[in-house]
2 protein chains.
Amino acid sequence: MKDAFKALSDPTRREILNLLKEKDLTAGEISEHFNMSKPSISQHLKLLKQAELVFDNKQGQFVYYSLNTTVFQELISWAMHFIEKGGQKK
Amino acid sequence: MKDAFKALSDPTRREILNLLKEKDLTAGEISEHFNMSKPSISQHLKLLKQAELVFDNKQGQFVYYSLNTTVFQELISWAMHFIEKGGQKK
DNA sequence: TAGTTATTTAAGTATTTAACTAAATAATAC
DNA sequence: GTATTATTTAGTTAAATACTTAAATAACTA
């Protein structure tokens, strides 16, 4: 989760997640959506992978990226604790 | 939401939110939980407030901080889109 | 009034982050 | 084999971040 919060703090990485919500994409396809060099996108993808927000899957010379939803579920549980509990007010 | 993601990326700020989950606290009480100067905590509180993750409420010479749950709810909705939808796989 | 306490603001510094270009790796095609 | 394409790694730099101490602000107390 620690890495996920860091990963989610960058707007480019959040936009990559939005793209992957629609369908799986290669690193190259992802980079086409941004005015940014491929190495920069590759670095963002690396961080998203480290945070377990995406999977990567090499198919020949292409690397397909897809969403890994488990951390999103953890994030929901985490946020729920702040609204549901609402311990006794003093 | 943009500011919230940034605010949540720091472990100290997440720990502050955990403290406030239990009960409302003054800036001074919050700073006692950390090996960090009061100005540093004050700065973190400022960012949490800008991100609308906390409210502040001056009572005499003390400033009480409390959770603002609205952004947590937005965060849950945001995360839900990544798991629930799961558009058609190609 | 002056003195104390609670908190924030200002200014400076060290670390981290996000970008770039150039080079390396790996798979495909000829 | 060489050439081409897809992607990552390495090295560099500029900007953002997180901390510090010192000073400012504001409220309370004697």
Side-chain angles (χ1 to χ4, degrees), chain A residues 1-20 22-68 71 75 90, chain B residues 1-20 22-68 71 75 90:
Chain A
M1 285 279 282
K2 183 178 153 295
D3 288 344
F5 283 116
K6 263 278 189 274
L8 293 172
S9 71
D10 182 83
T12 299
R13 289 191 290 268
R14 291 198 301 276
E15 184 59 26
I16 289 172
L17 295 174
N18 277 331
L19 294 173
L20 295 178
E22 302 308 318
K23 68 166 188 279
D24 301 352
L25 295 169
T26 66
E29 288 172 329
I30 292 167
S31 76
E32 286 169 13
H33 285 80
F34 297 92
N35 290 329
M36 199 177 291
S37 68
K38 282 172 198 292
S40 294
I41 295 298
S42 180
Q43 184 62 19
H44 284 305
L45 289 169
K46 183 181 176 182
L47 293 178
L48 286 170
K49 188 181 154 192
Q50 281 173 357
E52 298 181 282
L53 289 162
V54 302
F55 293 117
D56 65 342
N57 173 20
K58 184 152 197 175
Q59 304 250 2
Q61 62 194 144
F62 300 91
V63 179
Y64 276 89
Y65 284 89
S66 56
L67 287 182
N68 176 355
V71 173
L75 189 66
K90 206 203 347 222
Chain B
M1 284 279 284
K2 183 177 153 297
D3 288 343
F5 284 116
K6 263 278 188 271
L8 292 172
S9 72
D10 182 83
T12 299
R13 290 192 289 268
R14 291 198 301 275
E15 185 58 27
I16 290 173
L17 295 174
N18 277 331
L19 294 172
L20 295 177
E22 303 308 318
K23 68 166 188 279
D24 300 353
L25 295 169
T26 67
E29 288 171 329
I30 292 167
S31 76
E32 287 168 13
H33 285 81
F34 297 92
N35 289 329
M36 200 177 289
S37 67
K38 282 173 199 290
S40 294
I41 296 298
S42 181
Q43 183 62 19
H44 284 304
L45 289 169
K46 182 181 175 183
L47 293 178
L48 286 170
K49 188 181 153 192
Q50 281 174 357
E52 296 180 284
L53 288 161
V54 302
F55 292 117
D56 65 343
N57 172 20
K58 184 153 197 175
Q59 305 250 359
Q61 61 194 146
F62 300 92
V63 179
Y64 276 89
Y65 283 89
S66 57
L67 289 182
N68 176 356
V71 174
L75 189 66
K90 199 188 13 206

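Letters A, B, ... are given to chains in the order of the sequence lines, protein chains preceding strands, and every chain is numbered from 1.
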- DNA chain C nearest-nucleotide lookup for A/M36 and A/Q59: closer to the 5′ end is A/M36
- Task: Tell me what B/K6 touches on the nucleic acid: a base, only sugar-phosphate, or nothing, going by heavy atoms under 4.0 Å.
- Result: sugar-phosphate
- Is the closest side-chain heavy-atom distance between B/Y64 and B/D56 below 4.5 Å? no
- Task: Measure from CG on B/N57 to C1' on C/dA6 and round the result to the nearest Å.
- Result: 15 Å
- When A/R14, A/K6, A/R13 are each screened for side-chain contact (heavy atoms from CB on, under 4.5 Å) with A/D10, the one that passes is A/R13
- Query: Can you check the B/N35 CG to D/dC19 P distance for me, whole Å?
  - Reply: 12 Å
- Query: Tell me, do A/L20 and A/I30 make a side-chain contact under 4.5 Å, heavy atoms counted?
  - Reply: yes
- Figure out the NZ/C1' separation between B/K49 and C/dT8, and round it to whole Å. 11 Å
- Establish, with yes or no, whether the OP1 or OP2 oxygen of D/dC19 is under 4.0 angstrom from a side-chain nitrogen or oxygen of B/S37. no
- Message: If you define the side chain from C-beta out and look only at heavy atoms, does anything of B/V71 sit under 4.5 Å from B/L53?
- Response: yes
- Item | Length of the CG-P vector between A/D3 and C/dT17, whole Å | 10 Å
- Query: If each of A/D10 and A/K58 is mapped to the nucleotide of DNA chain C with the nearest heavy atom, which maps nearer the 5' terminus, i.e. the 5' end?
  - Reply: A/D10
- Looking at A/S9 and B/S9, what are the two nearest heavy atoms and their distance? CB-CB, 3.6 Å
- Query: Starting at CD1 of A/I16 and ending at P of C/dA18, how long is that distance when rounded to a whole Å?
  - Reply: 11 Å
Pairs under 3.5 angstrom, nitrogen or oxygen only, protein versus nucleotides 7-11 of chain D, please.
{"unit_1": "D/dT7", "atom_1": "OP1", "unit_2": "A/A27", "atom_2": "N", "d": "3.4"}
{"unit_1": "D/dT7", "atom_1": "OP1", "unit_2": "A/V63", "atom_2": "N", "d": "3.3"}
{"unit_1": "D/dT7", "atom_1": "OP2", "unit_2": "A/G28", "atom_2": "N", "d": "2.6"}
{"unit_1": "D/dT8", "atom_1": "OP1", "unit_2": "A/Y65", "atom_2": "OH", "d": "2.6"}
{"unit_1": "D/dT8", "atom_1": "OP2", "unit_2": "A/S42", "atom_2": "OG", "d": "2.8"}
{"unit_1": "D/dT8", "atom_1": "O5'", "unit_2": "A/S42", "atom_2": "OG", "d": "3.3"}

- Tell me, with the steps shown, if A/L25 and A/K23 meet side-chain contact (heavy atoms from CB on, under 4.5 Å). CA-CA 6 Å; A/L25 295 169; A/K23 68 166 188 279; 4.0 Å; yes
- Query: Are OP1 or OP2 of D/dC19 and a side-chain N or O of B/H44 less than 4.0 angstrom apart?
  - Reply: yes
